[in-house]
**Student:** 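Pasting in a structure now, in structure tokens, and then I'll have a few things to ask.
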Amino acid sequence: MTPVIETIETILVDLPTIRPHKLSMTTMACQTMVIVRMRHSDGIEGLGEGTTIGGLAYGPESPESIKRNIDTYLAPILVGQPSGNVHTMRARLNGHVRGNNIAKSALETALLDAQGKRLGLSLAELLGGARQTHLPVLWTLASGDTRKDIDEALSRLDQRRHCDFKLKIGSNPLDQDVRHVAAIKEALGERASVRVDVNQAWDERTAVRGIQLLQEAGIDLIEQAIPAREHAGLIRLANRFNVPMLADEGVQDARDALDLVCGGFSGAFALKISKSGGIYSALEVAHVAQAAGIGLYGGTMLEGTIGTAASLHAWATLPEMGWGTEMFGPLLLKDDIVVEPLNYHEFGVEMPMAPGLGITLDEEKLAHYSRK
Ligand code: MUC
Ligand code: MG
């Protein structure tokens with residue numbers, strides 16, 4: 001008999017960060033993730049994670065809305081349905097629910113995890129196979145203090161943990177941000193690639209001034225300098241400067257990717273399973289990028305280990321990503337809710353190999369960090 005989806009449980013988990021993480025729109029001291037436990041009639045449990053940044057500061061879904069919307073609207077669409085056909089379940093969700101991409105991504109991950117466990121295949125194998133299992137991982141410097149950021153970068157270089165660094169800017173006056181970035185680049189020199197993420201904080205005029213100065217300071221990549229919807233502006237910036245632009249919030253799905261490509265964008269796309277609504281939609285963005293000669297970058301919504309593992313399985317199926325990945329979410333958290341944490345070494349991370357995501361929950365830790 002075909003197994004069916006029996007229950008879908010959502011759990012809010014609050015994990016403190018190792019230090020304040022300062023972005024243009026919020027400063028995080030804690031990360032909240034929505035963990036999905038999807039139980040099937042053959043006894044298999046699929047895990048998923050829906051995570052965003054700073055409550056509602058980053059985007060239209062909050063952890064609480066993700067949980068409530070899954071419980072009230074999305075789970076009832078799936079419960080009782082056959083377990084094994086992920087595409088049919090995605091179509092059901094997309095047919096009944098607009099938006100809510102992070103919630104959809106968490107459910108899709110849980111379906112894929114269950115299917116992988118059922119068939120004895122890792123998620124990457126389920127997607128056709130991994131082309132690489134050790135992926136490069138960047139670190140984000142966002143303590144808000146230049147000296148602390150330099151020390152943090154130097155120690156991570158010495159540990160061979162990370163050699164690419166992304167600086168979060170946009171919350172301070174432009175000249176202050178540029179001084180901060182230039183000081184870090186100067187301290188790290190050729191030992192590291194230094195990039196910035198403005199998280200939409202500038203208007204186009206400010207961006208033109210800022211990018212000129214950052215280019216002169218030797219910065220390698222400029223992420224989402226202007227608001228997400230300003231595709232035409234991002235294309236103008238890409239054509240104006242030698243330093244490449246990375247589209248993040250502005251490239252949510254394949255439609256955005258196509259608009260940017262057709263408009264003449266060059267540079268790179270940040271892929272994120274959360275913003276796209278799951279692995280398959282994120283891979284669609286990657287495929288548009290590949291067809292257009294646009295670079296690939298494996299992005300994070302600062303997920304914990306479950307969401308990070310899901311992304312790793314997806315990125316592993318792609319050819320080497322030109323700009324690497326930022327799958328460091330678990331390293332920003334003081335603790336974990338899984339039995340075996342991800343293995344970070346040699347400037348990267350190993351994709352877990354066991355069936356499904358390859359992740360087992362630590363029930364005690366999960367209970368400890370679950371919101372009461
Ligand atoms: C983003 O916009 O890229 C990724 C790393 C980080 O610190 O924040 C995120 C989100
Ligand atoms: Mg970004």
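Both ligands and their constituent atoms are indexed starting at 1 by order of listing. Not measured: the values here are computed from a predicted model.
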**Student:** Have a look at Lys22, Met25, Lys166, Gln200 and point out the one with the heavy atom closest to atom 3 (O) of ligand 1.
**Tutor:**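 Looking at heavy atoms only, Lys166 sits closest to atom 3 (O) of ligand 1.
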
**Student:** Are side-chain heavy atoms of Pro16 and Lys334 found at a separation under 4.5 Å?
**Tutor:**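 Pro16 reaches Lys334 side chain to side chain.
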
**Student:** Tell me whether His313 contacts the main-chain N or O of Ile279 through its side chain, where contact means a donor paired with an acceptor under 3.5 Å.
**Tutor:**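 Judged by distance alone, no pair lies under 3.5 Å.
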
**Student:** Determine, considering heavy atoms only, which of Leu332, Leu141, Thr140 sits nearest to atom 5 (C) of ligand 1.
**Tutor:**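 Answer by nearest heavy atom: Thr140.
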
**Student:** Taking only heavy atoms of Glu223 into account, list the atoms of ligand 1 that are under 4.0 Å away from them.
**Tutor:**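 Counting from 1, the qualifying ligand atoms are 3 (O).
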
**Student:** What atoms of ligand 1 come closer than 4.0 angstrom to any heavy atom of Asp197?
**Tutor:**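 Answer for ligand 1: 1 (C), 2 (O), 3 (O).
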
**Student:** Out of curiosity, does Val349 fall in the hydrophobic cluster containing Ile18 (side-chain heavy atoms, cut-off under 4.5 Å, transitive links)?
**Tutor:**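 Yes, Ile18 connects to Val349 through the hydrophobic network.
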
**Student:** Looking only at N/O atoms, are Tyr58 and ligand 1 under 3.5 Å apart anywhere?
**Tutor:**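 Yes, Tyr58 has an N/O under 3.5 Å of an N/O on ligand 1.
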
**Student:** Could you check which of Glu326, Lys272, His21 puts a non-hydrogen atom nearest to atom 4 (C) of ligand 1?
**Tutor:**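 Of the listed residues, Glu326 has the closest heavy atom.
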
**Student:** Check whether the side chains of Arg179 and Gln176 place a donor and an acceptor atom closer than 3.5 Å, and report yes or no.
**Tutor:**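 Result is no, nothing qualifies.
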
**Student:** Hey, any chance Val208 and Met245 share a hydrophobic cluster, counting ILVMFWY side chains that come within less than 4.5 Å of each other, even indirectly?
**Tutor:**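 Val208 and Met245: one cluster.
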
**Student:** Check if Gln224 has a non-hydrogen atom at a distance under 4.0 Å from any atom of ligand 1.
**Tutor:**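 Under 4.0 Å: no for Gln224.
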
**Student:** Please report the C-alpha distance between His87 and Tyr280 in whole Å, then the side-chain angles of each, then the deciding distance to 0.1 Å, and finally whether the ring-ring contact (aromatic ring centres under 6.0 Å, His included) criterion is met.
**Tutor:** CA-CA 9 Å; His87 291 306; Tyr280 286 109; 4.5 Å; yes

**Student:** Answer yes or no: is there a donor N or O on one side and an acceptor on the other, between the side chain of Glu61 and the main chain of Ile66, under 3.5 Å?
**Tutor:**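 Judged by distance alone, no pair lies under 3.5 Å.
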
**Student:** Is Met301 close enough to touch ligand 1? Criterion: a residue heavy atom under 4.0 Å from a ligand atom.
**Tutor:**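 In this structure, Met301 fails to qualify as a contact of ligand 1 - no heavy atom is under 4.0 Å.
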
**Student:** For ligand 1, which atoms have a heavy atom of Asn199 less than 4.0 angstrom away?
**Tutor:**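 Answer for ligand 1: 1 (C), 2 (O).
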
**Student:** How far is atom 9 (C) of ligand 1 from the closest protein heavy atom, and which atom is that?
**Tutor:**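 For atom 9 (C) of ligand 1, the nearest protein heavy atom is Lys168 NZ, 3.6 Å.
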
**Student:** Kindly give the atom name of the N, O or S atom of Asp197 closest to the Mg ion (ligand 2).
**Tutor:**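 So the atom name we want here is OD2.
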
**Student:** Backbone or side chain, does Asp248 get an N/O/S atom under 2.8 Å to the Mg ion (ligand 2)?
**Tutor:**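 Yes, since at least one N, O or S atom of Asp248 sits under 2.8 Å from the Mg ion (ligand 2).
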
**Student:** Can you name the N/O/S atom of Glu223 that is nearest the Mg ion (ligand 2)?
**Tutor:**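 It is OE2 of Glu223.
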
**Student:** Asp248 heavy atoms, cut-off 4.0 Å: which ligand 1 atoms fall inside?
**Tutor:**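 Within the 4.0 Å cut-off of Asp248, ligand 1 contributes 1 (C), 2 (O), 3 (O).
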
**Student:** With atoms numbered from 1 as shown, which atoms in ligand 1 lie under 4.0 angstrom from a non-hydrogen atom of Ile53?
**Tutor:**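 Reading through ligand 1 atom by atom, the close ones are 9 (C), 10 (C).
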
**Student:** Testing Leu107, Asp71, Leu74 for side-chain contact (heavy atoms from CB on, under 4.5 Å) with Thr10, which one passes?
**Tutor:**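 The option that passes is Asp71.
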
**Student:** Aromatic ring centroids of Tyr344 and His162 under 6.0 Å?
**Tutor:**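 Ring centres of His162 and Tyr344 not closer than 6.0 Å.
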
**Student:** Is the distance from the ring center of Phe328 to that of Trp139 below 6.0 Å?
**Tutor:**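 Phe328 vs Trp139: aromatic centres under 6.0 Å.
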
